[in-house]
Amino acid sequence: FDLKTVLLDPNPHIDLDIPVYEETLQNFLKAVNNYKNRSIAAITDKRTKDGAEKKKLQDRAQKVETEISRCKVQEIELMATLEKEQAERKDAELAVAAFKRQITSLHERSTTMQAQIDEYRVLIASLKSDKGKERSTLNSHASRVAPELHAFENLLACAIEGMEKEQLLISFRCVDISDPNREFSFILDVSGTNYKVVKTSPPLPSLPLLVDKLNITQDIFAFIVQTRQEF
């Protein structure tokens with residue numbers, strides 16, 4: 001509008017176009033209300049989403065806390081197992097050290113025993129050599145005295161033969177006049193300080209008395225003569 005023209009009019013009047021204003025105002029209020037509703041809806045939706053996300057995060061945090069607790073329990077168990085294994089390892093190391101000492105001691109004893117064995121082997125070899133020489137000498141003597149021994153055995157009708165375990169087999173002939181070839185014998189054990197007669201053929205009832213007398217006198221030759229007389 002033209003203000004000058006309006007002021008020249010006797011009844012100045014300005015058309016404010018109220019309906020258009022009201023319509024514009026209503027449209028503005030409607031737009032504001034729509035914006036408010038959209039904002040509230042957006043805020044509500046965001047709040048809902050944030051609540052869901054927060055719950056999800058809380059659930060994840062709870063799971064993490066549970067996992068942390070489980071890991072702590074496992075850590076405690078692992079520490080206990082580690083301590084047990086360390087103790088067992090220490091015991092094993094002590095046992096191994098003891099075994100090593102025993103092995104060292106056994107090696108030393110083995111070395112000592114081996115040295116003794118070598119000494120014994122040398123001694124045995126020397127004894128075998130000496131025994132061989134003695135046996136050769138005895139065989140030589142035996143070959144020379146064998147005829148004399150055989151002659152004495154025939155003359156005395158008595159033979160003495162060595163047996164195992166320091167026993168002597170003493171046999172007689174020409175005891176029984178009716179059967180001169182019949183043999184009478186006994187086995188005398190001379191391994192101990194007290195002599196024993198192991199066996200007689202035939203049995204001799206007076207043998208215990210003769211053995212007691214032998215152990216008192218220690219005279220084997222007299223015992224042989226007396227035993228022949230008893231047969």
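Worth knowing before you read on, the calculation uses all heavy atoms, side chains too, and leaves out hydrogens, waters and symmetry mates. This structure is a prediction, so every number in the text was calculated from the model and none was measured. In this chain, residues are counted from 1 in sequence order.
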Exercise. Do Ile224 and Ile160 have side chains that get closer than 4.5 Å, going by heavy atoms?
Worked result: yes
Problem set entry | Under 3.5 Å: donor-acceptor pair, side chain of Asn34, backbone of Lys30 | yes
Problem set entry | Sequence-distant partners of Thr217, side-chain contact (heavy atoms from CB on, under 4.5 Å), two or more places apart | Lys213, Asp219
For this session: Compare all side-chain heavy atoms of Thr44 with those of Ile40 and state whether any distance is below 4.5 angstrom.
Result: yes
Exercise. Backbone N or O of Leu29 within a donor-acceptor pair of the Asn33 side chain at under 3.5 Å?
Worked result: no
For this session: Report the C-alpha distance between Arg89 and Glu93 in whole Å, list the side-chain angles of each, state the deciding distance to 0.1 Å, and finish with yes or no for salt bridge (Lys or Arg N to Asp or Glu O under 4.0 Å).
Result: CA-CA 6 Å; Arg89 180 181 178 182; Glu93 289 176 350; 3.3 Å; yes
Exercise. Given the rule that I, L, V, M, F, W and Y join up when any side-chain heavy atoms are under 4.5 Å apart, are Leu207 and Tyr195 in one cluster?
Worked result: yes
Seminar exercise, completed: Taking every heavy atom of Gln226 against every heavy atom of Leu210, the minimum-distance pair comes out as OE1-CD2, 3.8 Å
Seminar exercise, completed: One should read off an interatomic distance between Arg173 CZ and Asp179 CG, to the nearest 0.5 angstrom, of 11.5 Å
Problem set entry | Heavy-atom check, side chain of Phe28 versus side chain of Thr24, under 4.5 Å | no
Exercise. How long is the span from the OG atom in Ser129 to the NZ atom in Lys133, to the nearest 0.5 Å?
Worked result: 4.5 Å
Exercise. Any side-chain heavy atom of Leu123 sitting closer than 4.5 Å to one from Leu127?
Worked result: yes
For this session: Could you tell me which non-hydrogen atom of Ser143 sits nearest to which non-hydrogen atom of Pro147, and how far apart they are?
Result: O-CD, 3.6 Å
Exercise. Distance only, no hydrogens: is a donor on one side chain within 3.5 Å (strictly under) of an acceptor on the other, for Arg144 and Ser140?
Worked result: yes
Exercise. Hey, quick one: are Leu156 and Val175 part of the same hydrophobic cluster, counting side-chain heavy atoms closer than 4.5 Å, chains of contacts allowed?
Worked result: no
Problem set entry | Within-4.5 Å side-chain heavy-atom neighbours: Arg182 and Pro202 | yes
Exercise. Is there a chain of hydrophobic side chains (I, L, V, M, F, W, Y, each step under 4.5 Å between heavy atoms) that links Val197 to Val190?
Worked result: yes
Exercise. Do Thr227 and Ile170 come close enough that some side-chain heavy atom pair is under 4.5 Å?
Worked result: no
Seminar exercise, completed: Here the gap from Glu134 atom CD to Thr137 atom OG1, rounded to the nearest 0.5 Å, amounts to 7.5 Å
Exercise. Quick one: NZ on Lys46 to CG on Asp50, what's the gap to the nearest 0.5 Å?
Worked result: 4.0 Å
Exercise. So which heavy atom on Leu214 is nearest to which on Leu188, and how close?
Worked result: CD2-CD1, 4.1 Å
Seminar exercise, completed: On a heavy-atom basis, the closest approach of Asp189 and Glu166 is OD1-O, 3.5 Å
Problem set entry | Contacts of Phe223 that satisfy ring-ring contact (aromatic ring centres under 6.0 Å, His included) - sequence neighbours left out | Phe186
For this session: Any chance you could measure Glu67, atom CD, to Arg60, atom CZ, to the nearest 0.5 Å?
Result: 13.5 Å
Exercise. Are Asp118 and Val122 close enough, and set up right, to give a side chain to side chain contact (heavy atoms under 4.5 Å, CB included), and what steps lead you there?
Worked result: CA-CA 6 Å; Asp118 293 338; Val122 172; 5.5 Å; no
For this session: Any chance you could measure Arg135, atom CZ, to Lys128, atom NZ, to the nearest 0.5 Å?
Result: 10.5 Å
Exercise. When clusters are formed by joining ILVMFWY residues with side-chain heavy atoms under 4.5 Å apart, either directly or through shared neighbours, do Val198 and Leu169 land in the same one?
Worked result: yes
For this session: State, to 0.1 Å, how close Cys158 and Phe172 come at their nearest heavy-atom pair, and which atoms those are.
Result: SG-CE2, 3.6 Å
Exercise. Do the side chains of Phe184 and Arg228 get nearer than 4.5 Å, heavy atoms only?
Worked result: no
Exercise. Between the main-chain N or O of Glu108 and the side-chain N or O of Thr112, is there a donor-acceptor pair closer than 3.5 Å?
Worked result: yes
For this session: With side chain to side chain contact (heavy atoms under 4.5 Å, CB included) as the test, would you mind laying out the steps for Val211 and Asn215 before giving the verdict?
Result: CA-CA 6 Å; Val211 173; Asn215 286 320; 3.7 Å; yes
For this session: Could you tell me whether Asp59 and Lys63 make a salt bridge, using a distance below 4.0 angstrom between a side-chain N and a carboxylate O?
Result: no
